[in-house]
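The structure appears right after this line, and notes come after that.
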Protein chains: 2
Amino acid sequence: MSRESLLPLLAGHVLAHGLGQASLRPLAQAAGTSDRMLLYHFGTKELLIIDLLSHVAGVYAAGLDAVLAEGERPATRTALVARIIAQNAATAMQPFMLLWWEIVAGAARGLPGFLPAAEAMMGELLVWLEGHMPAGDPDPAGGARYLLTVIEGAMMLTAVGHRQTAREGLLAGGLLEA
Amino acid sequence: MSRESLLPLLAGHVLAHGLGQASLRPLAQAAGTSDRMLLYHFGTKELLIIDLLSHVAGVYAAGLDAVLAEGERPATRTALVARIIAQNAATAMQPFMLLWWEIVAGAARGLPGFLPAAEAMMGELLVWLEGHMPAGDPDPAGGARYLLTVIEGAMMLTAVGHRQTAREGLLAGGLLEA
DNA sequence: AAGCGCATGTAGCATTTGCTACATATTGGG
DNA sequence: CCCAATATGTAGCAAATGCTACATGCGCTT
């Protein structure tokens, strides 16, 4: 079992149970090894988490590329927003969303490895958005950044029980069709 | 030392060091008591955290009311956005911001007490915003929700190292003057 | 003064946590 | 075949964590 073959299993556990419950022994059990072996491969829990976050960021990027392949380019900004909102609300995305907020919290606090991972994931989403802006959009670069800001705000409000508020906000901003 | 007199001291520690480091003995020391006494007053760490988050939400609301008293009503939405962005970027708000993302993460995961606190704080900010929309704004209610969404998105992007992205997004959305 | 309830200190316990020491398998190159 | 490097198991340790048991002070009523 190499580092690389371990990471997906570790990521699975963290996605299922959160970073808060990510202590060595549970992680090891989820990956079918021992804490002893995790330290052997990664050196330190801190280094393991850093590798793990980096790996999660990579998986996220790959997932975006997969979604990028399918589906046609939306005709309007509102269609694009609706598509992403729906995508993020899908139950398959839920575990990732839960993990995401922990990553944001860690990044804000400056925990090692968190900020690079968070920055990378938002960067990926940004380029994805920019590549999916409606054809003929007057300002694809700025528009993508604008939509990213709005969408992430809506995601956050949704996470804290203000889904309705977010929805009304998007409506009032002309970013969602009634 | 009653529950109520303890809470501000506990909140101080949590604001300074985060919820992750909030174990009973450090908390007790910050409040000038013992873990024994914390459990005596709150019954359980979980109950303590719930009380603590509720208290933090109350402090946040009071802080908003204080800011509400001073300052005149902005003339435009962009002025309002600029004011809040500046407010949140102030170093005095930094500890609260760090704590906020932990609360969001906890709320998303359904930890007891987190969601009510987060919901309350966003609710407070929403009414504050609604009360500070420019005079003559065509849609104060929807506009406040729209601005809330956008502002929180910008805050999140800022927290993960995408301050510039957020800024450009706000500019492209016409929510910030160049 | 006696006794009763609230408050608080001391000590500990069982569990978890990250990590280490030491021994042992496994395996590929000479 | 031998040996050295790689890989893995076993056992444990020191610290932290949430919580409990027991004793004791402190104040108030009767």
Side-chain angles (χ1 to χ4, degrees), chain A residues 1-56 98-99 102-103 105-107 109-114 117, chain B residues 1-56 98-99 102-103 105-107 109-114 117:
Chain A
M1 274 276 186
S2 72
R3 224 178 298 226
E4 280 66 36
S5 64
L6 247 13
L7 282 173
L9 304 171
L10 298 175
H13 180 262
V14 161
L15 280 170
H17 301 92
L19 280 165
Q21 307 305 320
S23 17
L24 287 181
R25 266 162 270 239
L27 278 175
Q29 190 172 0
T33 354
S34 62
D35 55 335
R36 172 66 182 69
M37 275 298 104
L38 291 186
L39 291 172
Y40 176 73
H41 285 304
F42 296 93
T44 281
K45 189 196 172 184
E46 182 175 300
L47 294 174
L48 184 156
I49 296 291
I50 295 177
D51 269 22
L52 182 48
L53 291 177
S54 161
H55 175 258
V56 169
L98 299 193
L99 182 56
E102 298 193 49
I103 294 176
R109 274 245 145 68
L111 303 189
F114 282 69
Chain B
M1 274 275 187
S2 72
R3 224 177 300 227
E4 281 66 35
S5 64
L6 247 15
L7 281 173
L9 303 171
L10 297 175
H13 180 262
V14 162
L15 281 169
H17 301 92
L19 280 166
Q21 306 305 320
S23 17
L24 287 181
R25 266 162 268 238
L27 278 175
Q29 190 173 0
T33 353
S34 61
D35 55 335
R36 172 66 183 68
M37 276 297 103
L38 290 185
L39 291 172
Y40 177 72
H41 285 304
F42 296 94
T44 281
K45 189 197 171 181
E46 182 174 301
L47 294 174
L48 184 156
I49 296 292
I50 295 176
D51 269 23
L52 182 48
L53 291 177
S54 160
H55 176 257
V56 168
L98 299 193
L99 182 57
E102 297 192 50
I103 294 176
R109 274 245 145 69
L111 303 189
F114 282 70

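Which of C/dT8, D/dG9, D/dG12 sits closest to the side chain of A/Arg25 comes down to D/dG12. The A/Ser23 side chain lies nearest to C/dT17 when the options are C/dT17, D/dT8, C/dT8. For B/Arg36, the listed nucleotide lying nearest its side chain is D/dA21; candidates were C/dA7, C/dG18, D/dA21. The side chain of A/His41 sits closest to D/dT8 out of C/dG18, D/dT8, D/dG18. Closest contact between the side chain of B/Asp35 and the listed nucleotides D/dT8, D/dC19, C/dC19 involves D/dC19. Listed candidates were D/dC19, C/dG18, D/dT17. Nearest to the side chain of A/Leu24 is C/dG18.
When the P atom of C/dT16 is taken as reference, atom CG of A/Leu27 falls 15 Å away, rounded to whole Å. Atom C1' of nucleotide C/dT17 and atom CD of A/Gln21 are separated by 13 Å, given to the nearest angstrom. One atom, CG of B/Leu48, and another, C1' of D/dT17, lie 14 Å apart when rounded to the nearest Å. Separating the CG atom of A/Leu19 from the C1' atom of C/dG18 is a distance of 16 Å, rounded to the nearest angstrom. When rounded to the nearest whole Å, the span between CG of A/Leu39 and C1' of D/dT10 equals 15 Å. Atom C1' of nucleotide D/dA15 and atom NZ of A/Lys45 are separated by 15 Å, given to the nearest angstrom. For B/Tyr40 and D/dA21, the OH to C1' distance is 16 Å, given to the nearest whole Å. The nearest whole Å value for the distance from the CG atom in A/Leu38 to the P atom in D/dT8 is 11 Å.
A distance of 11.5 Å separates CZ in B/Phe42 from CD1 in B/Ile50, rounded to the nearest 0.5 Å. Atoms CG and CD, on B/Asp51 and B/Glu4 in that order, are 8.0 Å from each other to the nearest 0.5 Å. Residue B/Arg36 holds its CZ atom at 12.0 Å from CG of B/Leu24, rounded to the nearest 0.5 Å.
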**Study point:** Pair B/Val14-B/Val56, side-chain contact (heavy atoms from CB on, under 4.5 Å): steps then yes or no
**Key:** CA-CA 10 Å; B/Val14 162; B/Val56 168; 5.8 Å; no
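When each of A/Pro26 and A/Gly43 is assigned the nucleotide of DNA chain C with its nearest heavy atom, A/Pro26 is the one assigned upstream, toward the 5' end. Nearest-nucleotide positions on DNA chain D for A/Ser34 and B/Ala22 put A/Ser34 closer to the 5' end.
Residue-level contact check: A/Thr44 touches the backbone only, with heavy atoms under 4.0 Å from sugar-phosphate atoms and none from bases.
Side chain of A/Arg25 to main chain of A/Asp35: no donor-acceptor pair is present (N/O by atom type, distance under 3.5 Å, no hydrogens or angles).
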